[in-house]
Amino acid sequence: PFILSIAGGGSTYTPGIVKSLMVRLADFPLAEIRLYDIDGERQSIIAPVVEKVIRDHSQNIKFTVTTDPEVAFSGAHFVFAQMRVGQYKMREQDEKIPLRHGVVGQETCGPGGLAYGLRTILPMVELCDFVERYAHQKAWIVNYSNPAAIVAEGVRRLRPNARVLNICDMPVAAMRNMGAILGVDRHKLEVDYFGLNHFGWFTRVLVDGEDRLPELRRHIAKFGLLTEDAAQTDPQHSDPSWVKTWRNIKPIMDNFPEYLPNPYLQYYLMPNEIVEHQNPDFTRANEVMDGREKKLFAAAEEYKKTGILPDAFHVGVHGAFIVDVACSLAFDLRQRHLVIVENKGAIANLPYDAMVEVPAYITSEGPEPVRMGAVPLFHQTLLMQQLASEQLLVEATIEGSYEKALQAFTLNRTVPTMQHAKAILDDMIEANRDYWPQL
Ligand code: G6P
Ligand code: MN
């Protein structure tokens, strides 16, 4: 049985991930679960909920809650990382500052993602070092921490030998919706996909060897990447704002019908329309704080008072996917999953060392990317520009370079002019004083 540590234990996602672990104990046996967070107060609110979830399934799993990295990681076999540096209050800034300048406000796409990257790279490297120092020699970090593309590139640059597998639940959430539309379980789909994290395209969707993409395309032309009644099995992704996100695939496919875009491409391909529909005073961060976070905190409070835990968190594809990936790493299952890996020729006309998102076979020594071949000039160009923006941001963080940060912001497709880039960057420097390296 494994020792598993969750870094970012105070996250609203922790109970859902732990629930996913509990229903898979036969596949992924656990001796101990440890929660680790730098915010001990927040973590202590979530921890009793997590403990209850564990005890409903097992009396034997040891449960530890700590803010001490040595306690958290000593001898650990797996670390699930889901840190949010600056918490939701800084996510709110990431979303609201660009909007003040008429630019997309999103936590991972555009200036918000770049700002979040500048906060997260060095803490993520610190986590790698803790794991290297204290954990089992062959420990794997499975990383959900955003902005995943930038974090992955930062870790590749600064800790090239760290055993980190960077993942995102967006492709698998898209596959869940595809499965729902086609009436097949998502595990039955075999997809081809190329791109960067939150910036890619599905090129084939095979079910029993048959490409069902044409059928999906017809459905999407009417309803977006959702079932007809938009009733999803995953409450997170069926909030009204998410329904809108899944629907917005439609205009992209109307214009560029050949592949199936990751929904996040809407921020880069139709930013004006996005900004028009965003409320600069109430963004997704506010929605999450008022919704998911409040509900979970209230449930924790209620549980403390009454001993009864209300149904306050969801178990979706997010938790199921990280457990799938961990199983494949643990037992060398060589399952095919969409993950973020060093390119190594998988996308023939992107740099060899770029961190790309493609299908890979997950072995106990890490991911083996599947060759997707060369991509068309249009997609290659979009990808190269986004990659350059992300790489310059990583260099800005490492070198403390204002100029490179400004280049990163200027190159981002969500940002119309150099002047916008500079104005947003300068506001963000102010807002991130406690978090960013000195630029
Ligand atoms: C998807 C993305 C994540 C992102 C999350 C935000 O799952 O893959 O990278 O963090 O959405 O969801 P939220 O409900 O917090 O807005
Ligand atoms: Mn993601």
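Counting starts at 1 for both ligands and their atoms, in listed order. Hydrogens, waters and symmetry mates play no part in the numbers below; they use all other heavy atoms, side chains included.
Expressed to the nearest 10°, the angle at the Mn ion (ligand 2) joining SG in Cys168 with NE2 in His198 is 90°.
Classified by interplanar angle (parallel below 30°, tilted 30° to 60°, perpendicular above 60°), the ring pair His379/Tyr259 is tilted. Using the six-membered ring where Trp is involved, Phe202 and Tyr193 have ring planes that are perpendicular, over 60° apart on the 30 and 60° scheme.
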Given the rule in the side chain to side chain donor-acceptor pair (under 3.5 Å) test, do Asp239 and Ser241 qualify, once you have shown the distances and angles that lead to the verdict? CA-CA 5 Å; Asp239 278 356; Ser241 55; 5.0 Å; no

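A distance limit of 4.0 angstrom between heavy atoms and ligand 1 selects the residues Tyr13, Arg91, Glu107, Asn146, Cys168, Asp169, Met170, His198, Gln236, His237, Trp242, Tyr264, Arg284, Val288, Arg292.
With a 6.0 Å cutoff to the six-membered ring centre and a 45° limit on the axis angle, Arg292 counts as a cation-pi contact of Tyr13.
Using a 4.0 Å cut-off between charged side-chain N and carboxylate O, Glu287 and Arg284 make a salt bridge.
In this structure the side chain of Pro359 reaches within 4.5 angstrom of the side chain of Met372, judged on heavy atoms.
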